[in-house]
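Step one of this worksheet: look at the structure below.
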2 protein chains.
Amino acid sequence: MRARTRASNRRRRAGSNAIALSDVARAAGVSTASVSRALNTPELVSEDVRAAVQAAVTRLGYIRHSAARALASRRSMTIGAVVPTIVNSIFSAGVEAIERRLEEAGYALLIATSDYSLERELRQVRILLERGVDGVILVGRYHRPELAQMLHERAVPYVCQGAYAADGPPCVGFDNHAAMASMAEYVLGLGHRRIAMLAGIAADNDRVIDRIAGARAALNRAGLDFVPGGLVEARYDVAEARLAMKRLLALRPRPTAVLCVNDVLALGALFEARAEGVAVPAELSITGFDDFDFARNVEPPLTTLRVPTAEMGRGAAEQLLQRLMGQSPPHARLVPTMIIPRGTTGPAPAG
Amino acid sequence: MRARTRASNRRRRAGSNAIALSDVARAAGVSTASVSRALNTPELVSEDVRAAVQAAVTRLGYIRHSAARALASRRSMTIGAVVPTIVNSIFSAGVEAIERRLEEAGYALLIATSDYSLERELRQVRILLERGVDGVILVGRYHRPELAQMLHERAVPYVCQGAYAADGPPCVGFDNHAAMASMAEYVLGLGHRRIAMLAGIAADNDRVIDRIAGARAALNRAGLDFVPGGLVEARYDVAEARLAMKRLLALRPRPTAVLCVNDVLALGALFEARAEGVAVPAELSITGFDDFDFARNVEPPLTTLRVPTAEMGRGAAEQLLQRLMGQSPPHARLVPTMIIPRGTTGPAPAG
DNA sequence: TTGTAGGCGTTATCAC
DNA sequence: GTGATAACGCCTACAA
């Protein structure tokens with residue numbers, strides 16, 4: 001019965017009809033170790049072996065089994081990212097940049113959404129850890145304390161994106177407080193004194209909290225504050241933004257400027273103002289935050305603050321990769337932002 | 001030397017300081033098999049074992065090792081999705097819906113982008129296969145032939161999303177040809193005769209090709225065609241759309257209606273028309289496709305065709321999950337679309 | 001440079 | 001219901 005070949009023997013088992021590395025080894029007439037080396041560290045094998053393995057691989061259509069690789073090498077070559085949502089183009093652009101960079105380095109991206117909930121973020125990280133990710137990318141400064149602990153216990157490096165903090169965990173981002181403060185100052189410089197703010201839901205969201213605080217700080221320095229009732233929150237959704245904006249437009253005296261926490265809200269504000277017949281920027285100035293695709297193309301084009309989303313995503317991926325390679329990149333990286341004055345802001349109306 | 005405990009013994013090795021299932025077994029005073037069962041098929045173990053294992057798991061902070069599970073069970077509990085890009089909210093909303101459904105079922109989502117290239121899509125699928133995904137979700141009807149072959153060889157099920165075809169591989173989508181034809185008919189019904197089309201890049205893109213063909217077929221049935229020079233392509237980007245729209249607006253006689261292949265292009269067209277002082281819809285009607293967030297909120301609100309993006313995503317995930325569970329869901333599922341008449345369309349101007 | 005062989009952490013097949 | 005134990009497919013000292 002020695003006619004029973006290894007192939008048939010293999011096929012007998014478990015229903016695995018896939019080509020394994022051992023099949024390649026046999027076909028190439030070398031050991032499995034050599035195949036592994038030819039594939040992973042080709043510079044360590046002779047030209048002959050490399051060629052034979054290469055030929056066998058293509059002839060057999062061999063595809064590596066990454067679970068087995070992960071188990072043996074103790075690295076999954078997978079990175080996990082948890083973002084609030086990918087439907088907001090700010091995050092999706094960041095994720096796409098991350099994916100691109102990781103792909104170049106041979107890593108895959110496991111994606112999860114937190115829905116702006118720190119609780120959910122924690123759960124997602126746990127799942128990612130089960131999946132054996134080699135690193136994690138998060139958004140923002142606020143996280144459940146258990147999160148850092150879990151990551152630390154497993155020695156899984158992580159990078160936070162979108163908010164700069166010199167002291168916290170590694171990050172790539174900017175100072176939300178300062179950025180929004182500068183926008184407030186810009187509007188103050190235009191002569192506005194009755195200023196309101198259209199914010200996102202602040203709960204659990206450090207970016208929103210920092211931006212609100214930044215704007216308020218700038219106003220305070222000028223001896224002002226938001227107009228009474230002039231700080232409203234809305235979900236990141238044009239319809240919600242319009243509703244919230246309606247409340248701001250109903251204030252008397254009406255604010256002459258509305259600072260929005262992001263561009264989606266700003267467009268909602270702009271649409272609502274137009275629907276209500278309020279002239280922008282003659283009667284009312286509106287500012288956005290992010291500078292996404294539509295910002296420069298609406299009428300009038302939106303004054304906003306440019307955030308280098310893709311650069312942050314790529315930078316976060318880069319930093320993680322470097323850590324994974326045993327390097328020690330700068331702990332925190334600050335990316336630049338810039339106010340882009342366009343058509344939705346103008347001098348405060350007289351009176 | 002028998003004082004050398006298993007723990008220290010374990011710690012000695014390979015740097016793996018993670019808690020393993022065997023540690024849980026020891027702590028709970030049961031076999032590894034029982035732990036595995038208590039975790040995966042709790043109904044097969046006694047109440048005592050279940051409780052002991054549960055306690056040990058939480059006490060030790062045990063996290064399962066999915067690579068090992070994948071290797072042993074031959075299932076990675078991971079699904080791969082390849083989409084053109086996630087920056088377009090149509091796709092990101094679909095991906096988010098997919099992720100949600102998969103999460104409920106305990107699957108993780110590996111994401112990859114094709115950048116609208118079938119070549120790249122094929123490469124990405126190969127990578128996903130290396131990753132051992134249990135299933136794949138794709139977009140559209142057009143794919144490299146090698147793709148189906150690879151998937152078939154490995155017996156990995158897949159579902160295509162966003163385009164309905166009764167005969168091709170399993171899919172969840174709608175008939176792009178018919179949908180765009182209905183939109184063309186709607187515009188014809190408004191009395192328009194000089195009609196143009198702002199399309200996406202058609203190469204490799206069945207959705208775009210079908211939509212163009214659908215519109216043309218409807219026009220043909222009315223004895224018409226696009227106005228000469230009235231079919232232009234643009235990347236899905238507001239700025240590009242405006243450029244393309246500029247060419248359309250320069251045609252003489254000017255078209256009275258422009259059918260856009262999606263909402264992003266339609267907004268670009270709308271912005272450009274407004275910038276050029278062309279009244280919408282009095283002088284020019286514009287239609288979109290998708291009904292994304294901004295569509296109903298711009299001024300005037302965009303007439304478009306609603307596509308149930310999230311439903312398609314969820315449906316695709318659902319179909320894949322059913323296949324994975326050995327069921328045989330309907331091979332192709334048609335989701336409904338609907339024309340949403342809003343403010344950018346009106347009767348053809350006289351003359 | 002190449003091969004041998006042990007082990008990575010689970011699951012699944014057997015007996016009991 | 002429970003426990004041994006052999007895979008699962010690959011990597012990586014270690015030896016040659």
Side-chain angles (χ1 to χ4, degrees), chain A residues 6-7 9-26 28-53 57 60 62-77 129-132 134 154, chain B residues 6 9-53 57 60 62-77 129-132 134 154:
Chain A
R6 270 86 145 231
N9 191 27
R10 175 168 51 66
R11 197 151 295 137
R12 249 186 53 244
R13 293 203 199 92
S16 171
N17 51 4
I19 310 299
L21 184 141
S22 55
D23 296 315
V24 176
R26 200 173 308 119
V30 299
S31 71
T32 58
S34 286
V35 176
S36 178
R37 281 190 285 255
L39 260 25
N40 300 316
T41 50
E43 66 278 12
L44 294 186
V45 300
S46 67
E47 180 57 43
D48 291 354
V49 170
R50 212 178 310 158
V53 168
V57 163
L60 268 42
Y62 170 65
I63 293 187
R64 303 177 343 174
H65 191 300
S66 64
R69 296 194 0 143
L71 187 57
S73 68
R74 315 180 134 284
R75 300 183 311 151
S76 67
M77 296 300 282
L129 251 22
E130 277 199 359
R131 294 285 169 178
D134 295 333
R154 301 231 134 202
Chain B
R6 271 86 147 230
N9 190 28
R10 175 168 51 68
R11 196 151 297 133
R12 250 186 51 244
R13 293 202 199 94
S16 172
N17 50 4
I19 310 297
L21 182 140
S22 55
D23 297 315
V24 176
R26 201 173 308 120
V30 299
S31 70
T32 58
S34 286
V35 176
S36 179
R37 280 190 286 255
L39 261 25
N40 299 315
T41 49
E43 67 276 13
L44 293 187
V45 300
S46 67
E47 181 56 42
D48 292 354
V49 170
R50 212 179 309 159
V53 168
V57 163
L60 268 42
Y62 170 66
I63 293 188
R64 295 156 21 152
H65 193 300
S66 64
R69 300 185 68 196
L71 186 57
S73 68
R74 316 180 134 283
R75 298 184 312 151
S76 67
M77 295 301 281
L129 250 22
E130 278 198 359
R131 294 285 169 178
D134 295 333
R154 301 232 134 202

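Below, chains carry the letters A, B, ... as their sequence lines are ordered, and counting in each starts from 1.
- Under the side chain to side chain contact (heavy atoms under 4.5 Å, CB included) criterion, A/Leu44 pairs with A/Thr41, not counting sequence neighbours.
- Remark on the helix from C/dT1-D/dA16 to C/dC16-D/dG1: inter-end axis angle 30°, axes from five-pair C1' superpositions, rounded to 10°.
- Residues of residues 29-39 of chain A that place a heavy atom closer than 4.0 Å to DNA chain C, in numerical order, are A/Val30, A/Ser31, A/Ala33, A/Ser34, A/Arg37.
- One atom, CG of B/Leu60, and another, C1' of C/dG9, lie 15 Å apart when rounded to the nearest Å.
- Residues satisfying the side chain to side chain contact (heavy atoms under 4.5 Å, CB included) criterion with B/Ser36, sequence neighbours excluded, are B/Leu21, B/Asn40.
- With sequence neighbours excluded, the residues forming a side chain to side chain contact (heavy atoms under 4.5 Å, CB included) with B/Ala52 are B/Ala28, listed by chain and number.
- Protein atom CG of B/Leu21 is 6 Å distant from nucleotide atom P of C/dT11, rounded to whole Å.
- Annotation: the span from A/His65 atom NE2 to B/Ser76 atom OG amounts to 8.5 Å, rounded to 0.5 Å.
- Between A/Arg74 and D/dT12, a side-chain N or O to OP1/OP2 separation shorter than 4.0 Å is absent.
- Contact of the B/Val53 side chain with the B/Tyr62 side chain is not registered, since no non-hydrogen atoms from C-beta on lie closer than 4.5 Å.
- To the nearest angstrom, C1' of C/dT10 lies 13 Å from CD of A/Glu130.
- Applying the 4.0 Å criterion to OP1 and OP2 of D/dC8, one finds that B/Arg75 has every side-chain N and O outside that range.
- Every residue was checked against the salt bridge (charged side-chain N to carboxylate O under 4.0 Å, His left out) condition with B/Arg37, not counting sequence neighbours, and none meets it.
- Residue B/Leu44 contributes atom CG, which lies 14 Å from atom P of D/dG3 at whole-angstrom precision.
- Side-chain contact between A/Arg131 and B/Met77 is present, with heavy atoms from C-beta onward closer than 4.5 Å.
- As rounded to whole Å, 15 Å separates atom C1' of D/dA13 from atom CG of A/Asn40.
- A/Arg64 is linked by a salt bridge (charged side-chain N to carboxylate O under 4.0 Å, His left out) to nothing, counting only residues two or more places apart in sequence or in another chain.
- Applying the side chain to side chain contact (heavy atoms under 4.5 Å, CB included) rule to B/Ala25 yields the partners B/Thr32, B/Val35; only residues at least two apart in sequence or on another chain are considered.
- Judged as a salt bridge (charged side-chain N to carboxylate O under 4.0 Å, His left out), and not counting sequence neighbours, the contacts of B/Glu47 are B/Arg50.
- Whole-Å rounding puts the A/Met77 CE to D/dC11 C1' distance at 14 Å.
- Partners of B/Ser66 by side chain to side chain donor-acceptor pair (under 3.5 Å), not counting sequence neighbours: none found.
- For residues 63-73 of chain B, proximity to DNA chain D is found at B/Leu71, B/Ala72, defined as any non-hydrogen atom under 4.0 angstrom from a strand atom.
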